[in-house]
Amino acid sequence: MINELKILSELNSTSGREKNVRNYIISQIKDIADYSIDALGNLLVFKKGKSRPKNKVMLASHMDEVGLIITYITDDGFLKFTTVGGVDTKVILGRCVRIGENNINGVIGVKPVHLLKKDEKSVIPEKDNLYIDIGAKSKDEASELVQMGDTAYFNSDFVEFGEGCIKAKALDDRVGCAIMLEIIKSELLYDTYFAFTVQEEVGLIGAKTAAFNIAPDYAIVVETTTAADINGVKGHKRVCSLADGAVISFMDRATVYDKELYDLAFEIADKKSIAVQPKTVVAGGNDAGSIHCSGKGVKTLTVSLPCRYLHSPSCVINKKDIDSVLKIVSELSIEFARR
């Protein structure tokens, strides 16, 4: 599954431009599961199991990643941009990017330190003052390579380091996609539905139609969440920690989770000796925010993988947590199917 994750993370697919990830997933499941693509671009998959379930269960992960979109080309050939999804300006300064279908190389430029005024040295530049340098000398030259509306992606290698750590771009939520692919490729006890959704990073858009189309009784969102287990952060402010297992949310900014399902996740984890941990800060949101209130309502739980430096070119996760998320999601899907 690590090789699968490497392939998925290196594909470029911002919100609304998910076809690269979608096409790869289809290539992996087309001979073992039924699938369709809805009007928004969600990939909806059905995998037959050994038995018919009492309840319809849907697993969901989003295919899109945060990135940039080109908004203007200056007369001297520089590219102005805005962000797609929540990207902190601090993590993009001086970064290398690739732009458009042709992967044009570029650098996010900033004023050099020796030209900064004294009061500018302690201030993060405004996003509107940044630009992408592709080495063009004029607007005409740049326009031959890049068009307004093209998307730009972090240029970041997939690297394994330390004790089971992985660094890459787009681990939010390609790791969820990789876990769902692993489950689809396995022998399932019950018929199960899978939604690989679009445009999560810009408002949980795809999950609305995916949940409406499938109309599940239960849903499990397979996600990543911020791990702040870094120097200078203590106690509950750490949110969760790498290598401590799957993260179970009781509430975020989009969903208050069903207490019975939250407790059940910990009960199953204890019974099956699966490492899990609570998310100790109420923050963020994910596709559960759209799924749980779809149609007549869907009992929904989010299981996340701890991830340091989320929404940056250098997301960091741990292999131990991948295994924990895979195990608890598999167990929960079985339990929800027969409740």
Side-chain angles (χ1 to χ4, degrees), residues 5-26 37-43 61-74 77-110 125-136 139 141-158 168-177 196-207 224 286-287 309-315:
L5 178 58
K6 180 178 186 297
I7 293 170
L8 284 165
S9 69
E10 290 178 344
L11 294 172
N12 292 331
S13 287
T14 55
S15 304
R17 310 283 196 277
E18 295 91 353
K19 68 176 183 179
N20 292 332
V21 171
R22 182 173 58 242
N23 289 344
Y24 176 76
I25 294 171
I26 290 172
I37 302 169
D38 71 14
L40 286 187
N42 295 306
L43 176 60
S61 294
H62 65 89
M63 297 182 288
D64 58 319
E65 64 189 280
V66 297
L68 314 172
I69 190 166
I70 308 306
T71 58
Y72 186 72
I73 302 175
T74 69
F78 295 108
L79 312 180
K80 303 296 288 184
F81 63 88
T82 191
T83 53
V84 180
V87 183
D88 190 337
T89 304
K90 294 191 293 293
V91 307
I92 65 176
L93 301 177
R95 293 288 187 171
C96 295
V97 295
R98 288 179 177 160
I99 306 152
E101 295 292 327
N102 295 321
N103 288 322
I104 302 301
N105 287 311
V107 176
I108 298 177
V110 293
E126 294 288 336
K127 206 170 295 180
D128 288 346
N129 294 330
L130 300 178
Y131 58 86
I132 299 175
D133 183 350
I134 60 171
K139 185 172 186 175
E141 186 177 332
S143 296
E144 292 178 2
L145 301 171
V146 177
Q147 303 297 316
M148 285 183 281
D150 284 349
T151 46
Y153 305 88
F154 299 130
N155 188 354
S156 178
D157 294 333
F158 184 99
K169 75 170 184 68
L171 294 179
D172 176 18
D173 187 27
R174 302 295 158 70
V175 66
C177 293
F196 295 91
T197 65
V198 298
Q199 300 191 52
E200 188 268 357
E201 298 292 2
V202 293
L204 321 181
I205 305 299
T224 57
N286 56 61
D287 277 341
Y309 324 123
L310 205 66
H311 288 193
S312 83
S314 303
C315 302

Say you draw a straight line from [atom1] of [X] to [atom2] of [Y]; how long is it, rounded to the nearest 0.5 Å?
| X | Y | atom1 | atom2 | answer |
| --- | --- | --- | --- | --- |
| L5 | L171 | CG | CG | 5.5 Å |
| N20 | E10 | CG | CD | 12.5 Å |
| L93 | D88 | CG | CG | 9.0 Å |
| L11 | K169 | CG | NZ | 7.0 Å |
| N105 | N103 | CG | CG | 8.0 Å |
| I73 | F78 | CD1 | CZ | 12.5 Å |

- request: Assess whether side-chain contact (heavy atoms from CB on, under 4.5 Å) is satisfied between Y131 and T74, documenting all intermediate values.
  value: CA-CA 9 Å; Y131 58 86; T74 69; over 6 Å; no
Side-chain contact, heavy-atom cut-off 4.5 Å: [X] with [Y]?
| X | Y | answer |
| --- | --- | --- |
| I108 | L68 | yes |
| D173 | E200 | no |
| F81 | V97 | no |
| Q147 | I70 | no |
| M63 | S13 | no |
| V84 | E201 | no |
| P313 | V91 | yes |

Over all heavy atoms of both residues, which pair between [X] and [Y] is shortest? Give the atoms and the distance, please.
| X | Y | answer |
| --- | --- | --- |
| R95 | S314 | NH1-OG, 4.0 Å |
| V87 | V66 | CG2-CB, 3.7 Å |
| D64 | S15 | OD2-OG, 2.7 Å |
| L130 | P125 | CD2-CB, 4.0 Å |
| A170 | S9 | CB-O, 4.0 Å |
| A142 | G77 | CB-O, 3.7 Å |

query: Can you list the steps and then say if I104 with D150 is a side-chain contact (heavy atoms from CB on, under 4.5 Å)?
result: CA-CA 11 Å; I104 302 301; D150 284 349; over 6 Å; no
Using a 3.5 Å distance criterion without hydrogens, assess whether the side chain of [X] forms a donor-acceptor pair with backbone atoms of [Y].
| X | Y | value |
| --- | --- | --- |
| D38 | L40 | yes |
| R17 | T151 | no |
| N42 | V198 | yes |
| E18 | T197 | no |

- request: Could you walk me through whether E65 and Y153 pass side-chain contact (heavy atoms from CB on, under 4.5 Å), step by step?
  value: CA-CA 9 Å; E65 64 189 280; Y153 305 88; 3.9 Å; yes
Verdict with supporting geometry, F158 and I7, side-chain contact (heavy atoms from CB on, under 4.5 Å): CA-CA 9 Å; F158 184 99; I7 293 170; over 6 Å; no
query: Taking it one step at a time, do D172 and H311 satisfy side chain to side chain donor-acceptor pair (under 3.5 Å)?
result: CA-CA 7 Å; D172 176 18; H311 288 193; 2.9 Å; yes
statement: side chain to side chain contact (heavy atoms under 4.5 Å, CB included) test vs I99 passes for just one of L79, I69, N12, namely L79
